[in-house]
2 protein chains.
Amino acid sequence: MKRDSRLSSVLHALLHMADHDGPMTSEALACCMSTNPVVVRRTMGLLRKAGMVSSERGHSGGWRITGDLNRITLRDLHDALGEPAVFAIGNKTEAPECLVEQAVNAALDDAFAEAEALLLSRFQNVTLADLAANFSRRFAERRQTKD
Amino acid sequence: MKRDSRLSSVLHALLHMADHDGPMTSEALACCMSTNPVVVRRTMGLLRKAGMVSSERGHSGGWRITGDLNRITLRDLHDALGEPAVFAIGNKTEAPECLVEQAVNAALDDAFAEAEALLLSRFQNVTLADLAANFSRRFAERRQTKD
DNA sequence: TTTCATGTAACTTTGTATGTTACGATTCGA
DNA sequence: TCGAATCGTAACATACAAAGTTACATGAAA
């Protein structure tokens with residue numbers, strides 16, 4: 001199944017933006033994420049609606065983080081992207097008449113609901129600042145290895 | 001995103017088979033699952049390889065459960081189906097060079113791994129016999145409502 | 001006023017699950 | 001032995017969604 005990689009993409013973009021002075025253009029972001037500027041605008045537009053970034057048109061325009069890195073969590077981003085479906089596995093029929101299938105759906109739905117709740121609670125516990133710190137650690141480690 | 005509904009489908013099929021004397025043909029199973037006989041064979045074939053069902057060709061042939069309903073778990077079925085990807089969300093790149101992206105992937109992978117582990121452990125705690133019992137309860141309840 | 005940027009609609013491409021057709025292989029019963 | 005029923009499987013078709021692309025309008029700055 002083709003996976004939705006927008007969360008991964010916007011995280012990548014946001015961290016680059018956090019590490020960059022001034023606004024970054026869709027083109028620049030697209031470049032470091034090996035995708036397309038239009039895709040960037042489309043996705044970042046959702047974050048703008050959620051108040052996490054702002055955009056400016058024209059000369060020296062581009063995208064800027066407006067939120068607090070310590071406050072924006074992965075969960076917030078997931079929500080901003082429209083809470084896309086988490087699972088690639090699911091029921092064949094959503095509201096079946098067959099009692100057998102209802103029993104099957106109920107069991108699967110329970111398990112999926114628990115797993116989704118756990119995933120989202122983990123998402124809620126990770127902020128952009130955490131990720132930025134994690135990146136800094138990796139960066140320092142690599143320098144050390146090279147010396 | 002289009003979801004893989006094979007687990008749901010085979011569960012439905014297996015419970016019908018459990019409630020039926022003698023083998024059931026692919027056609028009969030396809031009918032009660034509103035799908036196609038070839039799809040049934042394709043999917044049930046995977047369960048056969050895992051020793052959960054057997055098939056017989058020719059007159060009065062069809063599919064039969066060979067395993068113990070108390071021993072076959074949802075996890076076993078998931079495995080028999082080839083452990084398909086659980087999540088519809090994922091990383092943009094699996095092994096990126098960019099350290100920023102590595103930090104992002106690491107955080108997401110952690111969360112996904114935890115959620116997947118929980119899901120699979122839930123799957124492991126549910127047997128076909130449990131589902132059959134659940135169905136019987138629903139069946140009894142519906143009769144009561146109708147009386 | 002030209003250039004650089006976003007905003008967005010419309011369309012194309014690509015990947016994957018599912019559905020379908022076709023036919024061979026096997027088994028049973030008449 | 002023959003024919004109908006049934007699985008086994010390859011090959012192809014369909015459907016749908018994510019991502020990519022094109023095109024052009026809009027707005028801001030030099």
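Lettering of chains follows the sequences in order, A, B, ..., and the numbering in each one begins at 1. Both backbone and side-chain heavy atoms feed into the values below; hydrogens, waters and symmetry mates do not.
What separates CG of A/Leu46 from P of C/dT6 is a distance of 16 Å, to the nearest Å. B/Asn36 places its CG atom 9 Å from the C1' atom of C/dT21, with the value rounded to the nearest Å. In this structure, A/Glu27 places its CD atom 12 Å from P of D/dT21, rounding to the nearest Å. Atom CZ of A/Arg3 and atom C1' of C/dA17 are 16 Å apart (whole Å). In this structure, CZ of B/Arg48 is placed 11 Å from C1' of D/dT9, rounded to the nearest angstrom. Here C/dT27 presents its P atom at 14 Å from CZ of B/Arg64, a figure rounded to the nearest Å. Rounded to whole Å, the distance from CZ on B/Arg6 to C1' on C/dT16 is 11 Å.
Note on residues 34-45 of chain A: pairs passing side chain to side chain donor-acceptor pair (under 3.5 Å), not counting sequence neighbours, are A/Ser26-A/Arg41.
Residue B/Val39 is not grouped with residue B/Met33 when hydrophobic side chains (ILVMFWY) are merged at heavy-atom distances under 4.5 angstrom, including chains of intermediate members.
Each of B/Gly45 and A/Val39 was matched to the nucleotide of DNA chain D holding its nearest heavy atom; the match closer to the 5' end belongs to B/Gly45. In terms of position on DNA chain C, the residue among A/Ser55 and B/Arg42 whose nearest nucleotide sits closer to the 5' end is A/Ser55.
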Hey, what are the protein-to-nucleotides 3-6 of chain D N/O distances that come in under 3.5 Å?
unit_1	atom_1	unit_2	atom_2	d
D/dT6	O4'	B/Gly58	O	3.3
D/dT6	O2	B/Gly58	N	3.4

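Residues from residues 10-20 of chain B that place a heavy atom under 4.0 Å from any atom of DNA chain C: there are none.
B/Lys49 has no side-chain polar atom (N or O) that falls below the 4.0 Å cut-off from OP1 or OP2 of D/dG8.
A 4.5 Å side-chain heavy-atom check between B/Leu74 and B/Asn125 finds every atom pair outside the cut-off.
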Inset, instruction - Take B/Leu14 and B/Met17 through the test side-chain contact (heavy atoms from CB on, under 4.5 Å) and record every step on the way to the result. - result: CA-CA 5 Å; B/Leu14 288 169; B/Met17 287 161 71; 4.2 Å; yes
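Judged by distance alone, the side chain of A/Ser5 and the main-chain N or O of A/Ser8 form no donor-acceptor pair under 3.5 Å.
Within a 6.0 Å radius of CZ in A/Arg71, other residues, nucleotides and ligands contribute 12 heavy atoms or fewer.
Listed nucleotides: D/dG20, C/dG19, D/dT9. Nearest to the side chain of A/Thr35: D/dG20.
Considering only residues two or more places apart in sequence or on other chains, A/Glu116 meets the side chain to side chain contact (heavy atoms under 4.5 Å, CB included) condition with A/Val86, A/Phe87, A/Leu120.
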For residues 45-62 of chain B, which side-chain N or O atoms pair as donor and acceptor with protein atoms under 3.5 Å away, sequence neighbours left out?
unit_1	atom_1	unit_2	atom_2	d
B/Arg48	NH1	B/Ser55	OG	2.8

Please list every donor-acceptor pair under 3.5 Å in which a side-chain atom of residues 101-112 of chain A meets a protein atom from a residue at least two apart or in another chain.
unit_1	atom_1	unit_2	atom_2	d
A/Glu101	OE2	A/Thr93	OG1	3.0
A/Gln102	NE2	A/Pro96	O	2.9
A/Gln102	NE2	A/Glu97	O	3.3
A/Asn105	ND2	A/Thr93	O	2.8
A/Asp109	OD1	A/Asn91	ND2	2.9

